[in-house]
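Worksheet: one structure, shown below.
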There are 2 protein chains.
Amino acid sequence: MRAKHGLGQPWWHGKFRGCGYRITLGREVILDILAKADTHLSAEDIYIKAHAQYPNIGLTTIYRTLDILANLGLIYKFDFGDGRARYELTKGPKGTHHHHLICTGCNRVIDYTDFIDEEVELLRQTEKGLAKKYNFKIINHLIQFYGLCNKCSVKR
Amino acid sequence: MRAKHGLGQPWWHGKFRGCGYRITLGREVILDILAKADTHLSAEDIYIKAHAQYPNIGLTTIYRTLDILANLGLIYKFDFGDGRARYELTKGPKGTHHHHLICTGCNRVIDYTDFIDEEVELLRQTEKGLAKKYNFKIINHLIQFYGLCNKCSVKR
DNA sequence: CTCCTTATTGAAAATGATTTTCATTACCAT
DNA sequence: ATGGTAATGAAAATCATTTTCAATAAGGAG
């Protein structure tokens with residue numbers, strides 16, 4: 001536990017406290033799990049893992065904490081089309097911005113970072129244009145590609 | 001009703017029949033509503049409208065038909081983050097491909113077509129690269145921008 | 001046009017993810 | 001150390017979407 005960032009307090013304590021939220025064991029466990037995750041976890045996935053470390057935690061707390069984290073912009077909430085939300089730290093362990101490639105056959109999700117630079121550059125320009133034209137303050141974007149992975153492609 | 005496409009049968013009858021689906025009154029009503037819609041309708045929105053024209057229709061039929069339509073690629077299914085799916089004809093009345101700008105404050109959704117050409121061109125290239133690298137057959141893409149509209153921006 | 005197979009339908013019940021309620025517990029500023 | 005208040009868990013409530021099942025209706029064959 002206590003996933004520290006070098007020395008001192010975990011990186012998120014500051015932002016958390018600054019917004020009037022308290023640091024609790026449950027929240028530490030949840031953030032720890034998110035930080036270590038290498039895939040996109042659902043609320044229940046997180047619950048299972050958290051429960052192993054801290055059996056008293058309830059699913060309700062998972063949902064509440066994820067909601068706060070998403071509002072603070074510390075995590076992204078995704079819908080990959082399978083009826084349950086998935087969560088991911090905004091700045092992953094590697095801090096790499098990525099987009100998703102989703103197989104509609106088996107629901108596999110591939111993170112890719114290729115071409116990201118060109119995409120991001122175009123997005124930046126698009127954002128600027130849209131912000132001006134529609135008087136919108138753009139905060140975030142979502143890009144996903146849907147298709148069939150090689151296995152599902154053959155299977156069909 | 002009977003939204004014809006010039007002369008002859010409605011444009012979707014062919015694809016529908018070709019896949020072994022039957023043409024029913026309920027389905028005609030639903031497609032008619034989608035074709036006339038100028039916003040992104042939820043299943044319930046469609047149900048309300050359909051029910052006005054054809055009171056016997058059930059919500060179940062709406063869901064089932066939307067599912068078929070999405071599988072046939074005749075409609076897109078979107079998640080704008082408010083807990084209910086929204087549907088839109090793949091080829092709208094104007095046939096314009098567009099992306100979405102979503103206000104996280106009030107859930108308003110703006111369709112935009114600006115910069116679409118550049119976006120689509122970049123996506124095409126990205127798709128090609130991804131398809132090769134990950135051995136994926138890419139069928140579709142999703143691009144959404146999230147932010148605050150001017151009203152919500154001020155309100156906060 | 002009539003018959004027959006089979007897809008489709010509506011109503012009601014089931015499902016399953018997420019929220020809410022509420023009494024209890026535990027941060028943490030003072 | 002302690003009081004005010006945010007946070008918690010359990011259980012119940014919501015709510016969109018699915019499933020079940022018996023009844024109905026497309027639409028091809030004859």
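Heavy-atom basis, side chains included; hydrogens, waters and symmetry copies ignored. Model, not experiment: these values are computed from the prediction. Every chain is numbered from 1, with letters handed out A, B, ... down the list of sequences.
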*Does Arg84(A) make a side-chain N or O approach to OP1 or OP2 of dA17(C) shorter than 4.0 Å?*
yes
*Is any NZ, NE, NH1 or NH2 atom of the basic residue among Asp45(B) and Lys49(B) found under 4.0 Å from an Asp or Glu carboxylate oxygen of the other?*
no
_dT19(C) OP1/OP2 closer than 4.0 Å to side-chain N/O of Tyr63(A)_ = no
*In whole angstrom, give the distance that lies between atom CG of Leu59(B) and atom P of dA12(C).*
13 Å
*Could you pick out which residue, Asn56(A) or Lys77(B), lies toward the 5' side of DNA chain D when each is mapped onto its nearest nucleotide?*
Asn56(A)
*Please tell me which of the listed nucleotides, dT8(C), dT18(C), dA11(D), lies nearest to the side chain of Arg27(B)?*
dT8(C)
*When you check the phosphate oxygens OP1 and OP2 of dT8(D), does a side-chain N or O of Thr24(A) lie under 4.0 Å from one of them?*
yes
*Whichever of Gly83(A) and Gly58(B) has its nearest DNA chain C nucleotide further upstream toward 5'*: Gly58(B)
*asked:* Can you tell me which nucleotide in dA26(C), dA26(D), dT18(C) comes closest to the side chain of Arg22(B)?
replied: dA26(D)
*Could you state the CZ-P distance from Phe16(B) to dG27(D), rounded to the nearest angstrom?*
11 Å
*Student check: side-chain heavy atoms of His99(B) and His141(B) closer than 4.5 Å*: yes
_Angle between ring planes, Tyr112(A) versus Tyr134(B), binned at 30° and 60°: parallel, tilted or perpendicular?_
tilted
*May I have the distance from Phe80(B) (atom CZ) to dA16(D) (atom P), rounded to whole angstrom?*
17 Å
*Rounded distance in Å - CG (Leu25(B)) to P (dA26(D))*: 7 Å
*Output yes when at least one side-chain N/O atom of Arg64(B) is less than 4.0 Å from OP1 or OP2 of dT8(C), else no.*
no
_From CD of Glu44(A) over to P of dT18(C), roughly how many Å is that when rounded to an integer?_
9 Å
*Look at Arg17(B) and dG27(D) and indicate whether a side-chain polar atom (N or O) is within less than 4.0 Å of OP1 or OP2.*
yes
*Once you round it to whole Å, what is the distance between C1' of dA7(D) and CD of Glu28(A)?*
14 Å
*Parallel, tilted or perpendicular: ring planes of Trp12(B) versus Phe16(B), cut at 30 and 60 degrees*: perpendicular
*Report the distance from atom OH of Tyr21(A) to atom C1' of dT5(D), rounded to the nearest whole Å.*
14 Å
_Check this for me: does any side-chain nitrogen of one of Glu127(B) and Arg124(B) sit under 4.0 Å from a carboxylate oxygen of the other?_
no
*Output the single nucleotide from dT8(D), dT20(C), dA6(D) whose closest atom is nearest the side chain of Thr60(A).*
dT20(C)
_Rounded distance in Å - OH (Tyr54(A)) to C1' (dA26(C))_ = 9 Å
